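Shown next, in structure tokens, is the structure this report addresses.
Here is how names work: the chains are called A, B, and so on, in the same order as the sequence lines, proteins then strands, and each is numbered from 1. Fair warning: this is a prediction, and the values are worked out from it, not measured in the lab.
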Number of protein chains: 2
Amino acid sequence: MNNQENLFKPIKNSRIFEEVSSRIKELIFEGFLKVGDRLPSEAELARQFNVGRQTIRESLRLLESSGFISIHRGGAAGPIIKDTILIRIKDLFYDAFRIKKVSLEELTLARLEIEKIVIGYAIDNIDENEIEELWKNITAAKEKIEANIIATEENIQFHKLLAKATKNHVFVIVVESMMAVVGDSLSRIGPDIETSSNVVQFHEEILKAIAGKKRDKAVNLLEKHLLEVKGRLQSLETQ
Amino acid sequence: MNNQENLFKPIKNSRIFEEVSSRIKELIFEGFLKVGDRLPSEAELARQFNVGRQTIRESLRLLESSGFISIHRGGAAGPIIKDTILIRIKDLFYDAFRIKKVSLEELTLARLEIEKIVIGYAIDNIDENEIEELWKNITAAKEKIEANIIATEENIQFHKLLAKATKNHVFVIVVESMMAVVGDSLSRIGPDIETSSNVVQFHEEILKAIAGKKRDKAVNLLEKHLLEVKGRLQSLETQ
DNA sequence: TCACATTTGTCCGTATGTATC
DNA sequence: AGATACATACGGACAAATGTG
């Protein structure tokens, strides 16, 4: 791989639908198109780009499967700009599991290490509102448990909120993708109410440690918590 | 989002091209189709599934952008079963970084923390061939520097090789995504030969520490290295 | 509630460029 | 080098779905 290769890359992709797709992507990256905006209809796009409708459709397939747009038919339709990239990452991770390219063990190990880092930065950067939000999360989860409802959503949200508190987008993206996969696994397994309750208790203790800025305690609790989760997932995997 | 939603999902996708795509995916998951196998041509697929060619084409776009097949045109073509899912995940992470406008500062900080973890697992799991590969990387970079050529490719490759040595695909994906962004920034900034040379020297020292299983030393060197990179990038960013 | 207009989903026929034998 | 097979791309057509008046 010499540098020449990067300097003189083709002006346009040989395939028109790829060119159209990356042009639209570029418009999104540069902020000309924002989430919620609508693209013109397929026919109109074909006219403006001066290509056939089939080509436009294939471009839209690419954008759709990369999480940039969503498409509804009928009436006042037209592709809508979305940001569901993280969901797409989750879907691909799931494919990778099925094709035996990534194991649950690898994922939980990476999660453990990365979330240990996250919790440190969360303690340094969290503000009052975010601590409030985390308390609300615990309360909501507890209410569900009281009513005998499993609180998976809240329990996953807890980890996302921690990542958000680091104020670092990289951690947010990585943690959210991993949690999407975890949520997916859990929804298939269907955890019992006892487990869910146990998780909430752990989260509450972790939050107390964070609010008290007790760094080591928070990390230790998290590690214990995730090792427990890991063990539970693995025992279910081999069943 | 209750569990009901997951229990009663539609029997078949309303869109035929999605149905075709998931049928072919299923054949891959179940082992009927293996990497290297060829799918029939578009026309033949259309005949067998009893759908139009356009529908088949859109299915192939989905499979292609999910990393299951690759397509070459002309001659004895026909879609080939591949497994590039992990590359697709990396591409999507890269998109996510771009769309969230991740700053270089955030990125290098996350890199610093995540690579510190990576180097620990790399020391535990690296084998002889991989150490050899890393030495080759250093040699190639040095040769370029001698010839007054900037060795950006090799310097980025060094970090990817470290991630590979952990034997954990999640680390590989995360590191490769981050390095893609770093490479992008560097190609815009255009580092000077002195900086590039300095980086190679650091990499060599790190590699020595890894080969000698000197864990703490390796981590310290890496930290020092990345902090230096961070400082250099910031001074260039604010220019 | 109902009809209408718009838009996506699908199919067919055809032309062209390209890679392989 | 020529023939062949294939993906790419265009245009026209109709069906199905859906929001709006």
Side-chain angles (χ1 to χ4, degrees), chain A residues 9-25 27-28 33 35-82 84 88, chain B residues 8-25 28 33 35-82 84 88:
Chain A
K9 53 184 152 193
I11 305 297
K12 70 174 184 72
N13 298 317
S14 62
R15 303 201 285 186
I16 298 178
F17 66 82
E18 283 179 340
E19 176 65 18
V20 170
S21 162
S22 49
R23 289 250 210 120
I24 294 175
K25 261 165 109 169
L27 290 175
I28 295 172
L33 291 171
V35 171
D37 289 352
R38 298 193 106 107
L39 251 44
S41 71
E42 293 177 357
E44 180 60 19
L45 283 170
R47 199 189 60 76
Q48 290 192 33
F49 279 115
N50 196 28
V51 296
R53 189 158 85 98
Q54 163 153 0
T55 305
I56 293 294
R57 282 183 65 78
E58 293 185 36
S59 311
L60 295 181
R61 291 291 85 75
L62 289 193
L63 292 170
E64 197 181 23
S65 75
S66 302
F68 285 93
I69 61 171
S70 83
I71 294 169
H72 303 284
R73 62 177 157 187
I80 305 172
I81 309 291
K82 289 246 167 122
T84 55
R88 294 304 168 172
Chain B
F8 305 116
K9 49 186 155 192
I11 304 299
K12 72 172 185 69
N13 300 314
S14 64
R15 304 198 285 187
I16 297 178
F17 66 81
E18 285 179 338
E19 177 65 19
V20 170
S21 163
S22 44
R23 288 248 211 122
I24 293 176
K25 264 166 111 170
I28 295 173
L33 292 172
V35 172
D37 289 352
R38 296 193 108 104
L39 250 44
S41 71
E42 291 179 358
E44 181 59 20
L45 283 170
R47 199 189 61 74
Q48 289 193 33
F49 278 113
N50 196 29
V51 296
R53 279 197 302 283
Q54 162 129 13
T55 303
I56 293 295
R57 282 184 66 75
E58 294 186 32
S59 310
L60 296 180
R61 290 292 86 75
L62 289 192
L63 291 169
E64 197 180 21
S65 75
S66 302
F68 285 94
I69 63 171
S70 86
I71 294 168
H72 303 287
R73 59 180 155 187
I80 304 172
I81 309 292
K82 288 244 166 124
T84 55
R88 294 303 167 169

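Of the residues listed (A:Lys82, A:Arg38, A:Glu64), the one engaging A:Ile69 in a side chain to side chain contact (heavy atoms under 4.5 Å, CB included) is A:Glu64, and it is the only one.
When each of D:dC10, C:dT7, D:dT8 is scored by its nearest atom to the side-chain atoms of A:Val51, the top-ranked nucleotide is D:dC10. Nearest to the side chain of B:Pro79, among C:dT10, D:dA7, D:dC10, sits D:dA7. In this structure, the nucleotide among D:dC10, D:dA7, C:dT8 sitting nearest to the side chain of B:Arg57 is D:dA7. Relative to the side chain of A:Glu42, the nucleotides C:dG9, C:dT10, D:dC10 differ in distance, and C:dG9 lies closest.
Here C:dT8 presents its C1' atom at 9 Å from CZ of A:Arg61, a figure rounded to the nearest Å. Atom-to-atom, CG of A:Asn50 to P of D:dG11 comes out at 8 Å; the value is rounded to the nearest Å. The nearest whole Å value for the distance from the CZ atom in A:Phe17 to the P atom in D:dC10 is 12 Å. With rounding to whole Å, A:Ile80 atom CD1 is found 10 Å from D:dG19 atom P. For A:Leu39 and C:dT8, the CG to P distance is 10 Å, given to the nearest whole Å. The distance between atom CD of B:Gln54 and atom P of D:dG11, rounded to the nearest whole Å, is 13 Å. Residue B:Arg47 contributes atom CZ, which lies 17 Å from atom C1' of C:dC11 at whole-angstrom precision. Atom CD1 in A:Ile16 sits roughly 11 Å away from atom P in D:dT8 (whole-Å rounding).
For D:dG12, the base has no donor-acceptor partner in the side chain of A:Arg53 [N/O atoms by modelled type, under 3.5 angstrom]. For B:Arg73 and D:dT4, a side-chain-to-base donor-acceptor distance below 3.5 Å is absent, hydrogens and geometry of angles not being considered.
A:Arg38 comes within contact range of no nucleotide atom at all, as no heavy-atom separation falls under 4.0 Å.
Counting heavy atoms from C-beta outward, A:Glu19 and A:Ile24 have side chains that stay 4.5 Å or more apart. Using a 4.5 Å cut-off on side-chain heavy atoms (C-beta onward), A:Phe68 and A:Ile81 make no contact.
The shortest non-hydrogen separation linking B:Leu62 to A:Arg61 is CD2-O, 4.3 Å.
Along DNA chain D, the nucleotide nearest to A:His72 and the one nearest to A:Glu58 differ in position, and the one closer to the 5' end is contacted by A:Glu58.
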